[in-house]
Amino acid sequence: MPELPEVETTCQGITPHLLNQGITNVIVRQAKLRWAVPASLAAKLTGQTIVSINRRGKYLLIDTTNGTVIMHLGMSGSLRIVPSTTEPDKHDHLDIVLTNHHCLRLRDPRRFGAVLWKKENPLQHKLLINLGPEPLSDAFNGEYLFKASRHRKIAIKQFIMNSHIVVGVGNIYANEALFIAGIRPTIGTGRINRQRIDQLVGAIKLVLSKAIKAGGTTLRDFTASDGRPGYFQQQLNVYNRNNEPCPQCGNTIILRQQNQRASYYCRHCQT
DNA sequence: AATCGCGCCTGACGGC
DNA sequence: TGCCGTCAGGCGCGAT
């Protein structure tokens, strides 16, 4: 399940293969993703050159000489670079074929992902324009999060998973960051003091940057663009560890549903 | 304005 | 073995 570290790993993995490549063809085998892949995508892209690849939150932005492809990997999406003669898998929905006879291939069994097109100013796209700051940027700091958190009644876990507050924190890393910060996921956001908000900001930055270094987290189906899994799951403290001992105090890790999401935490270490 | 719950979708898994 | 129900979850959207 790609969260920010997995998308970043993918972005870094595909960039050297795509940069300055021409696009000779686009093959859409399954247009029904979260939103329909634009029917005009192939016409827009064919003959263009890829000029840069960026990430904003969990969105990948592939800039070409004619406009930008905006991709989201949803729950189960992955991108690979393969020779264009490689036989597609059942869930390989889209190929962007390059002049080097390889293609960028999108696989997404659950089809929660998206492939969109924006002619110019991709950051102004409706889905991107209201996103919160990047968690690893200086704009995401204690002052910002504290201010945003005042008078909010929502539980802190849902708050940090809200992409309008900060991008890229999905369920896995929200659980992990709250554990590191010693904050119980169910606490009302507005009741957390500045010092603890600062700790939470530090914990989010720490867990995300460590996960990027490890190449992401592979629990079910994530693999990097070279097909290798990530290794951050070995460093998970609480996620998927219900009934196991807390690595800090030895008490049993609790699992409870919170807004239809699994929250894992230690009742002793997280208050 | 903030919050809540729904729905999209497939594969894995457990129970019978 | 095979069938079926349940769960997982990002996130936009409509309802409250």
Side-chain angles (χ1 to χ4, degrees), chain A residues 1-11 29-37 55-61 70-79 88-94 106-116 118 124-132 134-135 145 147-178 185-192 204 208 211 216-223 229-230 232-233 236 238-243 255-264:
Chain A
M1 47 193 90
E3 294 189 33
L4 187 144
E6 291 74 36
V7 179
E8 178 63 25
T9 298
T10 299
C11 185
R29 298 184 194 83
Q30 169 60 274
K32 285 181 70 178
L33 304 184
R34 178 159 196 198
W35 296 284
V37 178
R55 178 188 61 73
R56 175 72 176 103
K58 297 178 194 169
Y59 292 91
L60 280 168
L61 309 174
I70 301 176
M71 280 195 189
H72 196 289
L73 299 177
M75 282 298 305
S76 59
S78 60
L79 287 166
D89 174 85
K90 179 181 172 187
H91 300 295
D92 288 342
H93 304 316
L94 180 129
L106 172 68
R107 176 178 299 181
D108 187 3
R110 273 167 273 183
R111 290 197 264 137
F112 281 16
V115 178
L116 303 167
K118 184 90 167 64
Q124 304 298 309
H125 189 280
K126 177 187 167 195
L127 295 174
L128 306 189
I129 192 163
N130 290 317
L131 291 177
E134 288 289 326
L145 196 66
K147 202 172 169 191
S149 68
R150 293 308 88 183
H151 311 298
R152 300 293 291 259
K153 294 192 163 141
I154 199 168
I156 187 62
K157 178 158 173 272
Q158 293 160 246
F159 183 68
I160 60 173
M161 288 176 69
N162 179 346
S163 63
H164 298 110
I165 300 302
V166 56
V167 296
V169 183
N171 200 42
I172 296 175
Y173 299 116
N175 278 298
E176 293 300 308
L178 288 164
T186 50
I187 294 292
T189 299
R191 299 176 51 220
I192 302 174
I204 289 170
L208 290 177
T217 299
T218 297
L219 284 174
R220 290 181 179 79
D221 38 25
F222 172 74
T223 53
F232 190 70
Q233 64 276 14
L236 296 175
V238 287
Y239 187 85
N240 238 4
R241 296 196 188 279
N242 52 310
N243 300 323
L255 164 61
R256 72 171 263 188
Q257 288 297 314
Q258 198 181 351
N259 258 62
Q260 302 146 308
R261 304 284 157 76
S263 289
Y264 302 87

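Residue numbers start from 1 in every chain, and the chains themselves are labelled A, B, ... in the order their sequence lines are given, proteins ahead of strands.
Here the C1' atom of nucleotide B:dT3 and the CG atom of A:Asn162 are 10 Å apart, to the nearest Å. Straight-line distance from the NE2 atom of A:His151 to the C1' atom of B:dT3: 17 Å, rounded to whole Å. A straight line from NE2 of A:His164 to C1' of C:dG10 spans 13 Å, rounded to a whole angstrom. Spacing between atom CG of A:Leu255 and atom C1' of C:dA8 amounts to 12 Å, rounded to whole angstrom units.
In this structure, A:Tyr59 reaches the sugar-phosphate backbone alone: every heavy-atom distance under 4.0 Å involves primed, P, OP1 or OP2 atoms, never a base. Counting non-hydrogen atoms under 4.0 angstrom, A:Leu33 reaches nothing in the nucleic acid. Residue contacts for A:Arg111: at a heavy-atom cut-off of 4.0 Å it reaches the sugar-phosphate backbone alone, with no base atom in range. Residue A:Gln30 is out of contact with every strand shown, counting any heavy-atom pair closer than 4.0 Å.
Distances shorter than 4.0 Å separate none of the side-chain N or O atoms of A:Gln158 from OP1 or OP2 on B:dT3. Within the 4.0 Å cut-off from OP1 or OP2 of C:dG10, at least one side-chain nitrogen or oxygen of A:Arg261 is found. Considering only side-chain N and O atoms, A:Lys126 lies nowhere under 4.0 angstrom from the phosphate OP1 or OP2 of C:dG12. Contact annotation: A:Gln260 side-chain N/O to C:dC7 OP1/OP2 distance is not under 4.0 Å. Between A:Lys153 and B:dA2 there is no side-chain N or O to OP1 or OP2 distance below 4.0 Å.
Across C:dC13, C:dC11, C:dA8, the shortest atom-to-atom separation from the side chain of A:Tyr239 is found for C:dA8. With B:dT3, C:dG10, B:dC9 as the choices, the nucleotide that has an atom nearest any side-chain atom of A:Arg110 turns out to be B:dC9. For A:His91, whose side chain is taken as the heavy atoms from C-beta onward, the closest listed nucleotide among B:dT10, C:dG12, B:dC4 is B:dT10. The side chain of A:Lys90 lies closest to B:dG11, out of C:dG10, B:dG11, C:dG9.
With hydrogens and angles ignored, the 3.5 Å screen pairs a side-chain donor or acceptor of A:Glu134 with a backbone N or O of A:Gly57. Of the possible donor and acceptor atoms, none in the side chain of A:Asn175 sits under 3.5 Å from a partner among the backbone N and O of A:Tyr239. Within the 3.5 Å criterion, the main-chain N or O of A:Pro185 finds a donor-acceptor partner in the side chain of A:Gln258. Under a 3.5 Å cut-off, the side chain of A:Arg256 and the backbone N or O of A:Ala262 do not form any donor-acceptor pair.
Between A:Phe112 and B:dC8, a base-stacking contact is recorded: ring centres under 5.5 Å apart, planes less than 30° from parallel.
For a distance-only test at 3.5 Å, the side chain of A:Arg34 qualifies as a donor-acceptor partner of the base of C:dC11.
Each of A:Phe159 and A:Lys32 has a nearest nucleotide on DNA chain B; the 5'-most of these lies closest to A:Phe159.
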